[in-house]
Amino acid sequence: MSDRTREKELTGQLIQAEKMAVLGLLVAGVAHEINTPMGAIHSNNDIMSRAVKKIEKAVGPGADPEVARLLGIMKEVCRNNEIATERIMHIVRSLKNFARLDEAERKYADIHEGIESTLMLLQYQLKMRIGIEKDFGDLPMIECHPNQLNQVFMNILVNSTQAIPHRGTIRIRTWKENEVVKIAISDTGVGIPQEHLSKVFDPGFTTKGAGAGTGLGLSICYRIVRDHGGTIAVESSMTGTTFTITLPVKGR
Amino acid sequence: MKGENVSDNGNNNGSTPTILLVDDEEMVLNSIKSFFAIESNYRLEAYTSPIKALEDIVGRLMHFDLVISDYLMPEMDGITFLAKVKEKRPLVPRILLTGYADKENAIKAINNVGLYQYIEKPWDNEDLRLVIRNGLEKTVLLKQLEEKIREVERAQHDLSEVQKDILRVFA
C-alpha cells in the first residue's frame, strides 16, 4: 500500500469518526430537548385523568348520561395518551442510551442494553420487513467504551438490513467463553461473495455505490473492536452473513 | 409536640406547607402547579429565574418549607442555586429535578451539596408527591429532634443544679 493511499484511508476514517461524534452529540441534544416538554405532557395527562376521576366522584352515579359518556371518552383519551407518551419516553431513553455522552469514557457496561437501544433506533428500518431473533446468554458487564460499541452494533445491523432485499431475519446471539464475550449477528441476506470477504474491513471498500454506503462503516467497526482488544470476523454464504465480535471482559 | 406525621394537606402546625419551585420552563411550573391544585393544598412559589428566587428569599424573606429546582437553567445551574439556598435556609430540604443528559453530573454534585433527593425528568407525579411528603416530614422530625435535644439539655442543666445543691448541703 502506498503512502498516498494510506493517507487517504486515514483521512476518510477520521472524517467518518468525526461524523459519528457529531451524530452522538446531535442524538443526545435531541433526547434532552424532547425530554422537558415530554415530562410536562406526561404529567399533564396524569393530572387530566385524576381530574376526570374527581369529576366522576363529584357527579356521582346519578349523573346525566351525556356527562357520563363524555367522561368515558376523556378517560379513554387519557389512557391512549399514556400509552403514546410511554412510547416516546422509551425512544428518548434509547437515544440517550445510544449516545451515552454523560458517561465517563471507559466503564463497565451491559452489552445487551447497547444492542437493545440500537435496535430501538433501527425500528423503522426493520418494521414489518425483518424479524429480530434474540438469543442472549448470561453476560457479565464488560469494560468498554459503550458509545463506540453501539456504533459497531449500529453499523453491522444496518449492513444486515441492507443485505436483506425483501423479507428476512436477523439473529443476534451472545454468549460468554472463558474471559471473552461473543456477539454473533447473522442475517438471511444475499451474502457476500467469497472474493470480497477478505476486503470488507478495508477502508473505502464498498459495493453499494454512492448513497448507500461510505465503505468506511466496517473498517471503523474493525478499528473500534481492535482498540477494545477484541476481534471481529465474518462468514458468508449465499444464504446469509454472520459477523462475530469477540470482546474481552476486562478491557485493555 | 403534637405532630405525628405530615399529610399532603398540611403539616403538624396546621398551616399549609409552601413549596418553592424553580424551573426555567414555564410548562414544568404550570404542570406541577396544576398537580398541587388537584391533589394537595400545598402553596406554590414558582420562579422561572433562580436569581429572582434568591432575591426574594433574602429581600422579601420569602417563607418556604421545601425547595425543588431544575438542574439545567440558563442563569444558574440548579446545584449552585440549591447551595445558595442552603446558606440562607440550611434546614429546608432541597430536591433537584434532573433531565437524562445531566444525571451523572448531577449525582456527583448531589453528594457535595447534600441534597435530600433528586427526581428524574420526565417525572412521575406520584413519586414527586411522595418525595415532597417525606421531605416535609423530615423537616418536622428535625424540628422535633431539636426540641428534644433542648429538653434534654434543660434537664441536664436542672440536674447539675440539683447536684450542686446536694454538694453544698453536704459540704
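Chain letters run A, B, ... following the sequence lines, proteins first and then strands; every chain starts at 1. When reading the values below, keep in mind they use all heavy atoms of this one structure, side chains included, and skip hydrogens, waters and symmetry mates.
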Inset, instruction - Compare all side-chain heavy atoms of B/Arg60 with those of B/Glu45 and state whether any distance is below 4.5 angstrom. - result: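 Yes - at least one pair of side-chain heavy atoms lies under 4.5 Å apart.
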Legend entry - 4.5 Å side-chain heavy-atom contact, B/Glu146 and B/Leu142: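 No - every pair of side-chain heavy atoms lies 4.5 Å or more apart.
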Inset, instruction - Output the residues of residues 21-33 of chain B for which the shortest heavy-atom distance to chain A is under 4.5 Å, in residue-number order; output 'none' if no such residue exists. - result: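 Listed by number, the contacting residues are B/Glu25, B/Met27, B/Val28, B/Ser31.
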Legend entry - Plane angle bin for B/Phe36 and B/Tyr42 - parallel if under 30°, tilted between 30 and 60°, otherwise perpendicular: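 Perpendicular.
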Legend entry - Charged N-O contact under 4.0 Å between B/Glu87 and B/Lys84: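 No salt bridge links B/Glu87 with B/Lys84.
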Inset, instruction - For B/His63, enumerate each residue passing the ring pair (Phe, Tyr, Trp, His ring centres under 6.0 Å) test, keeping only those at least two apart in sequence or located in another chain. - result: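 In terms of ring pair (Phe, Tyr, Trp, His ring centres under 6.0 Å), with neighbours along the sequence ignored, B/His63 is linked to no residue.
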Inset, instruction - Let me know which of A/Val152, A/Asp187, A/Ile185 forms a side chain to side chain contact (heavy atoms under 4.5 Å, CB included) with A/Leu157. - result: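 So the option named by the test is A/Ile185.
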